[in-house]
Amino acid sequence: MANVNERTYIMIKPDGVQRNLVGEIIGRFEKRGFKLIALKLVQSTVEHLEKHYADLKGKAFFPGLIKYMASGPVVCMVWQGLDAVKTGRVMLGATNPLQSPVGSIRGDYALAVGRNICHGSDAVESAEHEIKLWFPEGVVQYTSAQETWIQE
Ligand code: UDP
Ligand code: MG
């Protein structure tokens with residue numbers, strides 16, 4: 001059953017920041033009805049990014065991916081709401097922007113798989129792991145004034 005309080009880790013990658021897509025991407029999650037419960041701009045380190053992408057270690061693209069992700073600041077966010085993990089992935093589009101539908105973030109703003117502007121957790125367990133990794137200080141609990149207009 002879909003969880004109303006599901007949380008997902010969404011990150012705007014260095015190309016998304018450099019291309020001034022921060023407001024656009026945040027706006028899409030806000031307007032969809034998700035609740036922002038954590039947000040920060042971070043210059044990440046190779047060591048931290050290797051932890052984030054640990055499951056991809058050994059892939060041919062891994063060194064290039066880490067270099068790309070460390071090449072500038074990223075925007076780290078946690079969004080909460082109904083089916084946030086799966087819906088977040090749909091809003092991002094496919095890993096390869098060329099296979100992403102128009103209307104998705106990657107389908108509207110990206111072309112190359114190695115410059116696909118955003119990250120989204122792929123499962124509830126990985127979301128919880130990524131939230132702890134990027135927000136060891138925790139997230140923010142508050143009541144959204146819109147909640148009853150978004151959720152039955
Ligand atoms: N990636 C890449 N080449 C590939 C596959 C992935 O450069 O052939 C990069 C791309 O930036 C992707 C990231 O590695 O977003 C993580 O890969 P994953 O398969 O987890 O895709 P995602 O979950 O981001 O859609
Ligand atoms: Mg992934």
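Heavy-atom basis, side chains included; hydrogens, waters and symmetry copies ignored. One-based numbering, in listed order, for ligands and for the atoms of each.
Heavy-atom separations between L65 and ligand 1 include at least one value shorter than 4.0 Å. For K59, the heavy-atom gap to ligand 1 stays at 4.0 angstrom or more.
Heavy-atom contacts of T95 reach the following atoms of ligand 1: 12 (C), 21 (O), 22 (P), 25 (O) (cutoff under 4.0 Å). Near L56, the atoms of ligand 1 lying under 4.0 angstrom from a non-hydrogen atom of the residue are 16 (C), 17 (O), 20 (O).
Scanning the protein for heavy atoms near atom 3 (N) of ligand 1, the closest one is F61 CG, 3.5 Å. Taking atom 7 (O) of ligand 1 as the reference point, the nearest protein heavy-atom neighbour is G114 CA, 3.7 Å. Nearest non-hydrogen protein atom to atom 24 (O) of ligand 1 is R106 NH2, 3.3 Å. Protein heavy atom closest to atom 10 (C) of ligand 1, with residue, atom name and distance, is V113 O, 3.2 Å.
Judged by distance alone, the side chain of R19 and the main-chain N or O of Y109 form a donor-acceptor pair under 3.5 Å.
When heavy-atom distances to ligand 1 are checked against a 4.0 Å cut-off, H52 has no atom that comes that close, whether in backbone or side chain. Contact annotation for K13 and ligand 1: only side-chain heavy atoms (C-beta onward) come within less than 4.0 Å of the ligand. Contacts between N116 and ligand 1 below 4.0 angstrom, taking non-hydrogen atoms only, involve the side chain exclusively. Of the heavy atoms in R89, only side-chain atoms (C-beta onward) come closer than 4.0 Å to ligand 1.
The shortest N/O to N/O separation between Y53 and ligand 1 does not fall below 3.5 Å.
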(request) For side-chain contact (heavy atoms from CB on, under 4.5 Å), just list the numbers for K35 and Q146, CA-CA rounded to whole Å, side-chain angles, deciding distance to a tenth of an Å, and then say yes or no. (result) CA-CA 9 Å; K35 179 177 167 184; Q146 292 196 18; over 6 Å; no

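Proximity of R32 to W79: side-chain heavy atoms (C-beta onward) are nowhere separated by under 4.5 Å.
Ionic pairing of E130 and K51 is not present here: no N-O contact between side-chain nitrogen and carboxylate oxygen is shorter than 4.0 angstrom. Residues D83 and R89 are not paired through a salt bridge, judged by the lack of any N-O separation under 4.0 Å between the basic side chain and the carboxylate.
Using modelled atom types, one finds no donor on one side chain facing an acceptor on the other under 3.5 Å when comparing Y9 with E128.
Residue Q43 places its CD atom among more than 12 non-hydrogen atoms of other residues, nucleotides or ligands, all under 6.0 Å distant. For L111, the CG atom counts as loosely surrounded, since its 6.0 Å shell holds 12 or fewer non-hydrogen atoms of other residues, nucleotides or ligands.
The side-chain tip of K13 does not point at the ring of Y68 from less than 6.0 angstrom away and within 45° of straight on.
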